[in-house]
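Every number for a ligand or one of its atoms is a count from 1 in the order of the listing.
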Amino acid sequence: MAKCMQKIVVMGLGYIGLPTASMLATKGHQVLGVDVNHDVVTTINSGNIHIVEPDLDILVKSAVNSGKFKASITPEEADTFIIAVPTPFKITATNPKAPDLTYVEAASAAVAPFLREGNLIILESTSPVGTTDRIAEIIAELRPDLRQQQIYIAHCPERVLPGHIIRELVDNDRIIGGINKPSAEKARDLYKSFCNGNIYLTTSKTAELAKLVENSYRDVNIAFANELSIICEKLDINVWELIELANKHPRVNILQPGPGVGGHCIAVDPWFVVAAVPEEAKLIRTAREVNDSKPHWVLDKIKAKAARFKNPVIGCLGLAFKANIDDLRESPALEITRALAALGVGTLMPCEPNLNSEFSEFPCFPLADVLRKADILVVLVDHEEFRSVDPSILKEKVVIDTRGIWKIM
Ligand code: SAJ
């Protein structure tokens, strides 16, 4: 192995761990990816992938074929351990949105027996403030034989946008926060082997909060757009035109309203800030509440339109949490479609061009059939396929365009 090349174990082979592991392998590191799911391990070892992300299949195949990347359900000894596991929230007696660190704690405990003096642990998972210190505590408890200065620990929060992960993994600037300066510096040396962006060093707590704040910032701005759409409906003003015009101001850049905020990041991470400082994080909490309430507002609107028909056919355009991906996590489009089905509102014709045949919760229909048969068309996701619909078809329909692709109120 060349001098700067390392043996790296990546814990968690999901949307972040898999691209990171295969990227490191294609740069010459020897990488072992670890996942608790046997099927995921088998799929990856055969050079295939279990998630949809542009160009990830090519990267993984090339990493596996090079012999530098393999997957397993158990870790091994290594130079560096990267933790990229989920950090969801959980319901507790005092907080229905409390951060759930179970997976980070389990991954830390799983690597502990394999640690040697001089090893580096990097937490990539988006985490509440103090989580990196918690990893240091777990390691100290499980490996009292290692003095604390002998293990380097840093937080390098992932920042990649689903749909553009491979490009952003290489090009984005990174923040690295260490439990001490040598930890941050050691992590920087590794990230330099594949990251073209600038790398900024800080403390682990600052890095943790920076990541949470990035997603909270976006959430607050989307909440502003969503609130505007509700205000405009009351005032009988076209919100799409309003935002386009307001954005002509050199210092105004309003985001787009939608049916709500989905995905595993922006709908979750701001709650970690609220959980830590509930009294102070007023705006962040309110933004979450505004965005979480938007699917109910859309649902009421659909119900009101449907009430004008006798058993209308309702075309639900899109189920994913955002455009041009297949990811259904926390999807407001799915939430709305589920609620319509549960309430028995009309006859539903969902259409999701990005889902494969494994999706069985609803029958999905081809777009042409939905456009022909639907009395009411609800745009829930701004997928490319929907943008090119012939506007003359829409004249005969009741249209609820939550994404503004046809700029209809
Ligand atoms: N959305 C709107 N209006 C907009 C923009 C987005 O309604 O103008 C909605 C989307 O439809 C979707 C949700 O917000 O339901 C989130 O989508 P997104 O594209 O804003 O973000 P994610 O969740 O795909 O990825 C975010 C990114 N964070 C920021 O842009 C600050 C990404 O860089 C992070 O790495 C990712 O979260 C993460 O993993 O934390």
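- Between Glu185 and Lys181 there is a salt bridge, since a side-chain N of the basic residue sits under 4.0 Å from a carboxylate O of the acidic one.
- Scanning the protein for heavy atoms near atom 30 (O) of ligand 1, the closest one is Arg218 CD, 3.2 Å.
- The pair Glu335-Arg338 does not meet the salt-bridge criterion, since no charged nitrogen lies less than 4.0 angstrom from a carboxylate oxygen.
- The contact set between ligand 1 and Glu214, taken as ligand atoms under 4.0 Å from a residue heavy atom, comprises 31 (C).
- Contact detail for Glu76 and Phe81: the closest heavy-atom pair is O-CE2, 3.4 Å.
- Closest to atom 21 (O) of ligand 1 among all protein heavy atoms lies Ile266 CD1, 3.5 Å.
- If you look at Gln256 next to ligand 1, the close heavy atoms, those under 4.0 Å, come from the backbone and the side chain alike.
- Nearest protein neighbour of atom 38 (C) of ligand 1, counting heavy atoms only, is Cys265 SG, 2.9 Å.
- Remark: ligand 1 atoms within the under-4.0 Å shell around heavy atoms of Pro162 are 24 (O), 25 (O).
- The closest approach between any non-hydrogen atom of Arg403 and ligand 1 is below 4.0 Å.
- With respect to atom 31 (C) of ligand 1, the closest heavy atom belonging to the protein is Asn215 OD1, 3.3 Å.
- Heavy atoms of Arg329 found under 4.0 angstrom from ligand 1: none, in either backbone or side chain.
- Atom CZ of Phe89 sits in a crowded spot, with more than 12 heavy atoms from other residues, nucleotides or ligands closer than 6.0 Å.
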For residues 223-232, tabulate all N or O donor-acceptor pairs below 3.5 Å that involve a side-chain atom, not counting sequence neighbours.
unit_1, atom_1, unit_2, atom_2, d
Asn226, OD1, Gly258, N, 2.9
Asn226, OD1, Lys294, NZ, 3.3
Asn226, ND2, Asn291, OD1, 2.8
Ser229, OG, Asn226, O, 2.7
Ser229, OG, Lys294, NZ, 2.9

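- Side-chain contact between Leu161 and Lys322 is present, with at least one heavy-atom pair separated by less than 4.5 Å.
- In terms of N/O distances under 3.5 Å, ligand 1 is approached by Arg159.
- Contact check on Arg116 versus Glu77 returns a salt bridge, with a Lys/Arg side-chain nitrogen under 4.0 Å from an Asp/Glu carboxylate oxygen.
- Between Asp382 and Arg387, at least one side-chain N (NZ, or NE/NH1/NH2) sits under 4.0 Å from a carboxylate O, which counts as a salt bridge.
- Cation-pi contact between Lys27 and Phe194: absent, since separation from the ring centre below 6.0 Å together with deviation from the ring axis within 45° is not met.
- What sits closest to atom 12 (C) of ligand 1 on the protein, heavy atoms only, is Phe321 O, 3.4 Å.
- Nearest non-hydrogen protein atom to atom 25 (O) of ligand 1 is Leu161 CD1, 3.5 Å.
- For atom 39 (O) of ligand 1, the closest non-hydrogen atom on the protein side is Glu158 OE2, 2.5 Å.
- No part of Val381 comes within 4.0 Å of ligand 1, judged by heavy-atom distances.
- At a cut-off of 3.5 Å, with distance as the only test, a side-chain donor of Asn215 or Asp269 sits close to an acceptor on the other residue.
- Heavy-atom proximity to Lys211, at under 4.0 Å, picks out these atoms of ligand 1: 34 (C), 35 (O), 38 (C), 39 (O), 40 (O).
- Salt-bridge check for Asp189 with Lys192: failed, with every basic side-chain N at 4.0 Å or more from each acidic carboxylate O.
- Around atom 13 (C) of ligand 1, the closest heavy atom drawn from Gly263, Ala333, Gly262, Ser331 belongs to Gly262.
- Among protein heavy atoms, atom 1 (N) of ligand 1 sits closest to Ile222 CD1, 3.6 Å.
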